[in-house]
Visitor: 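Starting off with a structure, shown below.
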Amino acid sequence: MAENSNINETSDFIRDIIREDLDAGKHSTTVTRFPPEPNGYLHLGHAKSICLNFGIAEENASTGSRCHLRFDDTNPTKEETEYVDSIQEDIKWLGFDWGDYLYFASDNFEQLYEWAVFLINQGKAYVDELTADQIREYRGTLTEPGKDSPFRDRPAEESLEIFSKMRSGQFKNGEKVLRAKIDMADPNINLRDPVIYRILHAEHHRTGTDWCIYPSYDFAHGQCDAIEAITHSLCTLEFEQHRPLYDWFIDNLPVSHKPRQIEFSKLQPTFTLMSKRRLIQMVEEGHVDAWDDPRMSTISGMRRRGYPPEALRSFCKTVGVTKFTGITDIALLEHAIREQLNREALRKMVVLDPIKVSITNWPGEDHTEQMNAINNPGDDSLGARTIPLSSNVYIERDDFMQDPPKKFYRLSPGSEVRLRYSYCITCDEVIKDSAGVVIELKCTYDPLTLGKNPEGRKVRAAIHWVPFNEALSAEIRLYERTFTVDEPGAEDDWRTVINPDALTVLKNSKLEPSLAEAIIGTSYQFERKGYFCVDSKNSSKNSLVFNRTIALRDSWAKMNKK
RNA sequence: AACCCCGUGGUGUAAUGGUAACACAACGGUUUUUGGUACCGUUAUUCAAGGUUCGAAUCCUUGCGGGGUUGCCA
C-alpha cells in the first residue's frame with residue numbers, strides 16, 4: 001500500500017469517473033480530446049482544458065490512452081489557418097503532444113451529411129423554411145413551450161430533396177435549415193427541434209468551396225467524438241444543457257462508439273479578462289499591440305512575457321477541476337511562476353534606473369578586480385561567473401535616499417552598504433545637478449570587506465551594481481497586472497479599468513556584461529528586482545529588450561504602503 | 001420567470017457516513033552578501049433550517065445564495 005501511494009496522483013471528480021469506468025471494464029483505456037475552434041488564440045482557460053485532457057492521457061499511458069487534437073471547424077465565417085498554426089504551437093510549448101492524432105471536424109463533413117440524411121429517413125429531421133426570426137418565435141420562451149413549425153411533418157422525401165438542393169447551392173444563406181425533430185415543448189430549449197444544418201456560402205479554410213451547408217456544433221461535436229472513439233468528452237459548464245442533445249444524436253445515429261460528455265467549470269482568474277471576444281477587442285482596438293502582447297492572457301502572450309510552461313501546468317493542477325464556478329486568485333498563478341523561476345533562473349545584476357557611484361579611494365583608474373558571483377544560490381550546478389569591478393559603478397536610484405526613514409537599510413549620506421558579491425562602500429558626498437537631481441555619489445570602499453563582514457559595525461544591506469565601463473544598455477519593459485480591479489469582466493466597460501501602468505518602458509537600464517549572451521526563451525532573475533526574459537520580437541544583438549515577467553516579492557515596498 | 005448545475009477559511013481545492021485538511025493570501029518570527037529564497041508560527045472554514053443515523057461537509061426535504069441556458073456561434 002505504501003508503494004503505490006507514492007505517486008502524487010491528481011484526483012478530481014472527472015478522474016474518479018474515469019477510474020470507475022476503467023475498473024468496471026467499461027473501457028480498456030481512455031481517449032480524450034482537446035477541441036478548439038480555430039477562431040482565435042488560446043488563453044489561460046484553454047491551458048486548463050489542455051492540462052486536463054492531455055494530463056488524463058499521460059496518467060493512463062500504461063493502458064494505451066491518448067489525447068486527440070481536434071479542430072472544431074464547422075463555422076467557415078470565423079475560422080482561419082493562422083489560428084490552427086498558433087494553437088498547435090501553444091499546445092507543444094505547454095509540453096503536450098497529440099502524436100498522430102490530429103483531426104478536423106471538417107474531415108467528417110461527408111459522414112455528417114450522410115447521418116443527416118439518415119435522420120430524415122427515420123423521420124427524425126426535416127427541412128424548415130421558416131425565417132430565423134420565425135424560428136425564434138416558434139421556439140417559445142423559458143417559461144412557455146414552443147410550437148411546431150408548419151413544415152415539421154412534411155414527408156421525408158420532400159425534406160430529402162430540398163436538403164439535397166441546399167447542398168448543391170440552390171438557396172441563399174438562411175433560406176432553409178435542417179432541424180432535428182425532437183420536442184417543441186421540452187423544458188430544455190436545446191431539445192426544441194434544434195437547427196443541425198445551415199446554409200453558409202463561405203469559403204472554408206480547409207474544404208474551400210466544396211460545401212455551402214455546414215453542420216451546427218451540436219450535430220458535429222458528439223459524432224466526431226464517436227468517430228474518433230473518444231471515451232470521455234470533457235467540456236465546460238455552458239454545454240451542460242446540451243448533453244441531452246449530445247446523447248440524443250449518439251442514440252439515434254448508427255455510431256460505433258458512445259462517448260460520454262462531462263462538464264467542468266471554466267477558469268476565471270482575478271485581474272484578467274478571459275473571453276475570446278474581449279481579447280479580440282483588446283487587440284483590434286489597440287489597447288495592446290498584438291495577440292502575443294505580454295499584457296494578454298493568451299498563451300502566446302504569457303510565453304512572451306516569460307511565464308514558464310511548468311508554472312502554467314502547476315497552476316492548473318492547484319486550481320483543480322470541479323463544477324463550482326468561482327474566481328481564482330491570480331496570486332496562485334503568480335506563486336507558481338515565482339516558484340518555477342526561482343528554481344531555474346540564472347541570477348544577474350541589472351540596474352534599471354542608474355546613478356553613478358565613484359569609489360574615490362580605489363587603487364587607480366586602470367585597476368580592475370574580478371568579483372565572483374554565483375548563478376543560482378539554490379542550485380550549485382548552475383555555476384558562477386565573474387563581474388569586473390573598477391573605480392566607477394552604477395547603482396539603482398531607489399537604493400539611495402538623501403533623508404532615509406528609520407528602516408531604510410540601503411545607501412544614504414554617511415551610511416555603509418555592501419556592493420553585492422563585492423566590497424562595502426560608504427557614501428561621502430552627493431552630487432546634484434542644477435535641478436537638484438542626484439547625478440553621482442562619491443564613496444569610499446573598505447578593502448577588508450571582500451568575503452567578510454566589516455569589523456565592529458553592521459552592514460545590513462547588499463545592493464546590486466553594474467560596472468560603469470563594461471555595462472551593457474538595454475530597454476526594459478516593466479509589466480504589471482493588466483487591469484486595476486479583480487473582476488474587469490464584471491465592469492460595465494472593461495476599458496475603463498485597464499491599468500495605465502501595466503507597461504512602463506525603461507530606456508536607459510544598465511546590465512552586467514554577461515547578459516550580452518542572453519538567450520530568447522531563457523529566464524533571468526535580475527537580483528532584488530524580478531524575473532526577466534529577452535523579448536522574442538523586438539530584441540536584437542545590438543539593441544537588447546527585456547520583459548519583466550514578474551517582480552520579486554517585496555516586503556520593503558509592502559511595509560511602505562502601510 | 002422555467003429548466004439544469006453548484007454552495008467547505010479571504011481565494012482555490014481535499015476529506016467519498018467516522019478527529020475538517022492542503023496550497024495560496026494575510027500577519028508575526030528565524031536565517032540571509034537578493035528587504036529574494038528557505039524555515040517556523042498565527043489568524044480563519046462546512047449557506048440556513050429540519051430529517052435519517054450511534055455518528056452528517058457527505059444521504060433526504062425545504063429555503064436561501066451563486067452560475068448557466070431563450071444563436072441558423074462554439
Side-chain angles (χ1 to χ4, degrees), chain A residues 11-13 16 35-37 39 72-75 77-79 128 130-132 135-136 139-146 173-179 186-190 192 194-200 214 216-218 220-221 235-244 263 265-267 269-270 276 317-336 338-339 342-343 347 349 374 376-378 407-410 417-422 424 449-453 459-464 486 525-530 551-559:
Chain A
S11 165
D12 52 61
F13 79 101
D16 289 347
E37 184 189 9
N39 70 342
D72 213 338
D73 54 352
T74 57
N75 185 348
T77 64
K78 292 185 171 178
E79 296 147 6
D128 199 354
L130 257 25
T131 64
I135 287 178
R136 194 177 311 120
R139 187 159 34 228
T141 67
L142 292 173
T143 48
E144 306 152 43
N173 286 0
E175 249 182 275
K176 304 192 188 323
V177 290
L178 185 69
R179 295 229 253 166
D186 198 292
N188 181 344
I189 289 181
N190 295 122
R192 315 237 265 234
V195 170
I196 59 176
Y197 261 93
R198 72 279 212 209
I199 300 169
L200 249 28
Y214 292 90
S216 64
Y217 165 85
D218 286 310
H221 201 96
C235 62
T236 44
L237 249 26
E238 67 269 30
F239 294 104
E240 209 162 16
Q241 322 64 299
H242 290 245
R243 180 160 21 98
E263 312 84 16
S265 67
K266 267 184 171 151
L267 179 63
T270 54
K276 218 178 248 188
K317 193 170 173 174
T318 62
V319 156
V321 179
T322 65
K323 299 188 76 140
F324 178 69
T325 48
I327 181 157
T328 302
D329 194 338
I330 197 69
L332 258 37
L333 208 214
E334 294 172 344
H335 172 260
R338 289 196 180 101
E339 189 179 46
N342 177 53
R343 197 174 317 161
R347 311 288 122 124
M349 291 205 288
I374 207 107
N376 186 318
K407 295 222 158 151
F408 186 81
Y409 302 144
R410 286 110 91 153
V417 78
R418 177 175 295 281
L419 293 180
R420 183 140 163 86
Y421 304 123
S422 177
C424 294
T449 56
L450 186 62
K452 48 174 109 91
N453 286 326
V459 173
R460 298 194 76 156
I463 64 172
H464 59 282
D486 58 0
Q525 185 197 98
F526 293 177
E527 291 207 55
R528 304 205 305 134
K529 285 296 168 188
L552 249 29
R553 291 184 59 189
D554 188 349
S555 54
W556 167 244
K558 199 183 278 184
M559 194 195 304

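Computed over heavy atoms, backbone and side chain alike; hydrogens, waters and symmetry mates excluded. What you see is a predicted model; the values in this text were computed from it and never measured. A note on names: the letters A, B, ... follow the listed sequences, proteins ahead of strands, and every chain is numbered from 1.
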Visitor: Pull up the glycosidic torsion of B:G28 and say syn or anti, syn being anything within 90° of 0.
Guide: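 Anti, which is what one calls it when the glycosidic angle falls more than 90° from 0.
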Visitor: Over all strands shown, is A:D72 touching base, sugar-phosphate only, or nothing at heavy-atom distances under 4.0 angstrom?
Guide: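 Sugar-phosphate contact only.
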Visitor: Using a heavy-atom cut-off of 4.0 Å across all strands, would you classify A:G326 as base, sugar-phosphate, or nothing?
Guide: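 Answer is sugar-phosphate: A:G326 comes under 4.0 Å of backbone atoms only.
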Visitor: OP1 or OP2 of B:G36 versus the side-chain N and O atoms of A:S555: is any pair under 4.0 Å?
Guide: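 Answer is yes, contact under 4.0 Å.
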Visitor: Please determine whether a side-chain nitrogen of the Lys or Arg among A:R243 and A:E263 lies less than 4.0 Å from a carboxylate oxygen of the Asp or Glu.
Guide: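 A salt bridge is present here (some side-chain N lies under 4.0 Å from a carboxylate O).
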Visitor: Considering every strand and a 4.0 Å limit on heavy-atom distances, what is the contact class for A:T131: base, sugar-phosphate, or nothing?
Guide: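 Base contact - A:T131 has a heavy atom under 4.0 Å of at least one base atom.
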Visitor: Distance check needed: B:U11 P versus A:I330 CD1, whole Å only.
Guide: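 After rounding, the gap between these two atoms is 16 Å.
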Visitor: Once you apply a heavy-atom cut-off of 4.0 Å, does A:I135 come out as touching a base, just sugar-phosphate, or nothing?
Guide: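 If one applies the 4.0 Å heavy-atom cut-off, A:I135 turns out to touch a base.
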Visitor: Nearest to the side chain of A:L552 - B:G36, B:U70, B:G12?
Guide: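 Closest nucleotide among those given: B:G36.
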Visitor: Grab the CD-P distance between A:E238 and B:G68 for me, whole Å please.
Guide: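 It works out to 10 Å between those atoms.
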Visitor: Taking B:G7 as the reference, what is the distance to B:A14 when you measure between their C1' atoms (whole Å, please)?
Guide: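 Between the two C1' atoms, the distance is 16 Å.
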Visitor: For A:E37, report the nucleic acid contact type (base, sugar-phosphate, nothing); a contact means any heavy atom under 4.0 Å.
Guide: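 Sugar-phosphate contact only - A:E37 comes under 4.0 Å of backbone atoms but never of a base.
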Visitor: Hey, does A:Y217 have a side-chain heavy atom less than 4.5 Å from the side chain of A:N75?
Guide: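 In short, these two side chains do not touch, never coming nearer than 4.5 Å.
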Visitor: Report which part of the nucleic acid A:Y214 touches: base, sugar-phosphate, or nothing (heavy-atom distance under 4.0 Å, all strands).
Guide: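 Nothing, no heavy atom under 4.0 Å.
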Visitor: Closest approach to the side chain of A:S11, judged atom by atom: which nucleotide of B:U16, B:G35, B:C6 is it?
Guide: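 Nearest to the side chain of A:S11 among the choices is B:U16.
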Visitor: Should A:Y217 be counted as stacked on B:A74, where stacking needs a ring-centre gap under 5.5 Å and an angle between planes under 30 degrees?
Guide: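 Answer is no, no stack.
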Visitor: If you only use heavy atoms from C-beta on, which nucleotide in B:G12, B:U69, B:G35 is closest to the side chain of A:V319?
Guide: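 When the side chain of A:V319 is considered, B:G12 is the closest of B:G12, B:U69, B:G35.
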Visitor: Tell me what A:A132 touches on the nucleic acid: a base, only sugar-phosphate, or nothing, going by heavy atoms under 4.0 Å.
Guide: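 Base contact.
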Visitor: Taking only the side-chain heavy atoms of A:L142 (C-beta and beyond), determine which of B:A1, B:A74, B:U33 contains the nearest atom.
Guide: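 Of all the options, the side chain of A:L142 is nearest to B:A1.
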Visitor: Which nucleotide in the set B:A25, B:U33, B:G68 lies at the smallest distance from any side-chain heavy atom of A:R553?
Guide: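 Minimum distance to the A:R553 side chain belongs to B:A25.
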Visitor: Using the P atom as the reference point in each nucleotide, state the distance between B:U42 and B:U32 in Å, no decimals.
Guide: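 These two P atoms come out 24 Å apart once rounded.
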Visitor: Please measure how far the P atom in B:C59 lies from the corresponding atom in B:G66, and state the result in whole Å.
Guide: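 Taking atom P in both B:C59 and B:G66, they lie 23 Å apart.
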Visitor: Has A:K176 got a side-chain N or O lying under 4.0 Å from the OP1 or OP2 atom of B:C72?
Guide: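 Negative; the distance criterion is not met.
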Visitor: As an exercise, state the distance from CG of A:L142 to CD1 of A:I189, rounded to the nearest 0.5 Å.
Guide: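 Here the rounded value is 4.5 Å.
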Visitor: So which nucleotide does B:A44 pair with, by the Watson-Crick or G-U wobble rule with both distances under 3.5 Å?
Guide: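 For B:A44, the partner nucleotide comes out as none, under the 3.5 Å rule.
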Visitor: Counting the atoms with a prime plus P, OP1 and OP2 as sugar-phosphate, which does A:K407 contact under 4.0 Å by heavy atoms, base, sugar-phosphate, or nothing?
Guide: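 Base contact.
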Visitor: Would you kindly give the NZ-to-C1' distance between A:K317 and B:A14, to the nearest whole Å?
Guide: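 Going from NZ in A:K317 over to C1' in B:A14 covers 14 Å.
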Visitor: According to a strict under-4.0 Å criterion, is A:H464 in side-chain N/O contact with OP1 or OP2 of B:U34?
Guide: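 For B:U34, OP1/OP2 do not have a side-chain N/O of A:H464 under 4.0 Å.
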Visitor: Taking atom C1' in both B:U13 and B:G71, what distance in whole Å separates the two?
Guide: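 Rounded to whole Å, the distance is 35 Å.
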Visitor: Is the A:H242 ring parallel, tilted or perpendicular to the A:F239 ring (thresholds 30°, 60°)?
Guide: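 A:H242 vs A:F239 ring planes: perpendicular.
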Visitor: Once you round it to whole Å, what is the distance between P of B:C4 and CG of A:D186?
Guide: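 Nearest whole value for this atom pair: 11 Å.
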Visitor: Is there a donor on the side chain of A:Q525 or the base of B:U34 sitting less than 3.5 Å from an acceptor on the other?
Guide: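 Check passes, donor-acceptor contact within cut-off.
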Visitor: Tell me which of A:R460 and A:T143 sits closer to the 5' end of RNA chain B, going by the nucleotide each one is nearest to.
Guide: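 Nearest nucleotide further toward 5': that of A:T143.
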Visitor: Output yes when at least one side-chain N/O atom of A:R528 is less than 4.0 Å from OP1 or OP2 of B:G35, else no.
Guide: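 So the side-chain polar atoms of A:R528 do come within 4.0 Å of the phosphate oxygens OP1 or OP2 of B:G35, strictly under.
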Visitor: In Watson-Crick or G-U wobble terms, both distances under 3.5 Å, what is the partner of B:U52?
Guide: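 For B:U52, the partner nucleotide comes out as none, under the 3.5 Å rule.
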Visitor: Tell me which nucleotide among B:A2, B:U34, B:A14 gets nearest to the side chain of A:D12.
Guide: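 For the A:D12 side chain, the nearest candidate turns out to be B:A14.
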Visitor: Is A:R198 near enough to B:A74 that one of its side-chain N or O atoms lies under 4.0 angstrom from OP1 or OP2?
Guide: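 It does, given that an N or O in the side chain of A:R198 lies less than 4.0 Å from OP1 or OP2 of B:A74.
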Visitor: Within the 4.0 Å heavy-atom criterion, would you say A:D16 contacts the bases, only the backbone, or no part of the nucleic acid?
Guide: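 Base contact.
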Visitor: Can you tell me the base-pairing partner of B:C64? Count Watson-Crick or G-U wobble geometry only, both distances below 3.5 Å, and say none if there is no partner.
Guide: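 WC or wobble partner is B:G7.
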Visitor: Find which nucleotide of RNA chain B each of A:Y421 and A:P187 is nearest to by heavy atoms, and output the residue with the more 5' nucleotide.
Guide: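 Whichever sits nearer the 5' end wins; that is A:P187.
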Visitor: I'd like to know if A:R410 reaches the base of B:G35 with its side chain, counting only an N/O donor and acceptor under 3.5 Å.
Guide: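 Checked by distance alone, the answer is yes.
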Visitor: Under 4.0 angstrom, heavy atoms only, what part of the nucleic acid is A:R139 near: base, sugar-phosphate, or nothing?
Guide: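 Contact class for A:R139: sugar-phosphate only.
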Visitor: Closest to the A:R136 side chain: B:G71, B:C4, B:U34?
Guide: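 Among the listed nucleotides, the one closest to the side chain of A:R136 is B:G71.
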Visitor: Between NZ of A:K407 and CZ of A:R460, what distance do you get to the nearest 0.5 Å?
Guide: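 Answer for the NZ-CZ pair, A:K407 versus A:R460, is 8.0 Å.
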Visitor: When all nucleic acid strands are considered with a 4.0 Å heavy-atom cut-off, which category describes A:R347: base, sugar-phosphate, or nothing?
Guide: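 Answer is base: heavy atoms of A:R347 come under 4.0 Å of a base.
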Visitor: For nucleotides B:A74 and B:U53, find the distance between their C1' atoms and express it as a whole number of Å.
Guide: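 That atom pair is separated by 47 Å.
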Visitor: Check whether more than 12 heavy atoms from other residues, nucleotides or ligands sit under 6.0 Å from atom NZ of A:K266, and answer yes or no.
Guide: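 It does not: A:K266 NZ has 12 such atoms or fewer within range.
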Visitor: Given B:C27, is OP1 or OP2 found less than 4.0 Å from the side-chain N or O atoms of A:K558?
Guide: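 Yes, within the criterion.
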Visitor: Tell me what A:V177 touches on the nucleic acid: a base, only sugar-phosphate, or nothing, going by heavy atoms under 4.0 Å.
Guide: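 Base: the residue A:V177, judged by heavy atoms under 4.0 Å, touches a nucleobase.
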Visitor: Report which part of the nucleic acid A:R418 touches: base, sugar-phosphate, or nothing (heavy-atom distance under 4.0 Å, all strands).
Guide: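 Base contact - A:R418 has a heavy atom under 4.0 Å of at least one base atom.
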Visitor: Rounding to a whole Å, what distance do you find between A:F13:CZ and B:C5:P?
Guide: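 Interatomic distance, CZ of A:F13 to P of B:C5: 13 Å.
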Visitor: Does any nucleotide pair with B:G35 by Watson-Crick or G-U wobble geometry, both distances under 3.5 Å, and what is it?
Guide: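 Check on B:G35: unpaired, no WC or wobble geometry under 3.5 Å.
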Visitor: In Å and rounded to the nearest 0.5 Å, what is the CD1 to CG distance from A:I135 to A:L130?
Guide: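 Separation between the atoms: 5.5 Å.
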Visitor: As a test of reading the structure: which of B:C5, B:U70, B:A25 is closest to the side chain of A:E240, going by heavy atoms?
Guide: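 Closest nucleotide among those given: B:C5.
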Visitor: From CZ of A:R243 over to P of B:C3, roughly how many Å is that when rounded to an integer?
Guide: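 After rounding, the reported distance stands at 18 Å.
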Visitor: Could you tell me how far B:U70 sits from B:G36 if I compare only their P atoms? Round to whole Å.
Guide: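 Taking atom P in both B:G36 and B:U70, they lie 50 Å apart.
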Visitor: What is the separation between atom CZ on A:F239 and atom C1' on B:G67, rounded to the nearest whole Å?
Guide: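 From A:F239 CZ to B:G67 C1': 16 Å.
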Visitor: Taking the C1' atom in each of B:U61 and B:A56, what is the distance between them to the nearest angstrom?
Guide: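 Those two atoms are separated by 15 Å.
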Visitor: Pick the C1' atom in B:A21 and in B:U45, then give their distance to the nearest Å.
Guide: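 Approximately 10 Å lies between the C1' atom of B:A21 and that of B:U45.
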Visitor: In terms of side-chain heavy atoms of A:F324, which of B:U13, B:G35, B:G36 is nearest?
Guide: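 When the side chain of A:F324 is considered, B:U13 is the closest of B:U13, B:G35, B:G36.
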Visitor: Which part of the nucleic acid does A:T270 contact within heavy-atom distance under 4.0 Å: base, sugar-phosphate only, or nothing?
Guide: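 No contact at all - A:T270 keeps every heavy atom at 4.0 Å or more from the nucleic acid.
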Visitor: Reckon A:T74 has a side-chain N or O less than 4.0 Å from the OP1 or OP2 of B:A74?
Guide: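 Yes, within the criterion.
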Visitor: If you look at every heavy atom in A:N342 and A:R347, which pair is closest and at what distance?
Guide: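 Heavy-atom minimum between the residues: O-NH2, 2.6 Å.
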Visitor: Return no unless some side-chain N or O of A:T322 is found under 4.0 Å from OP1 or OP2 of B:U13.
Guide: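 The answer is yes; a side-chain N or O of A:T322 sits under 4.0 Å from OP1 or OP2.
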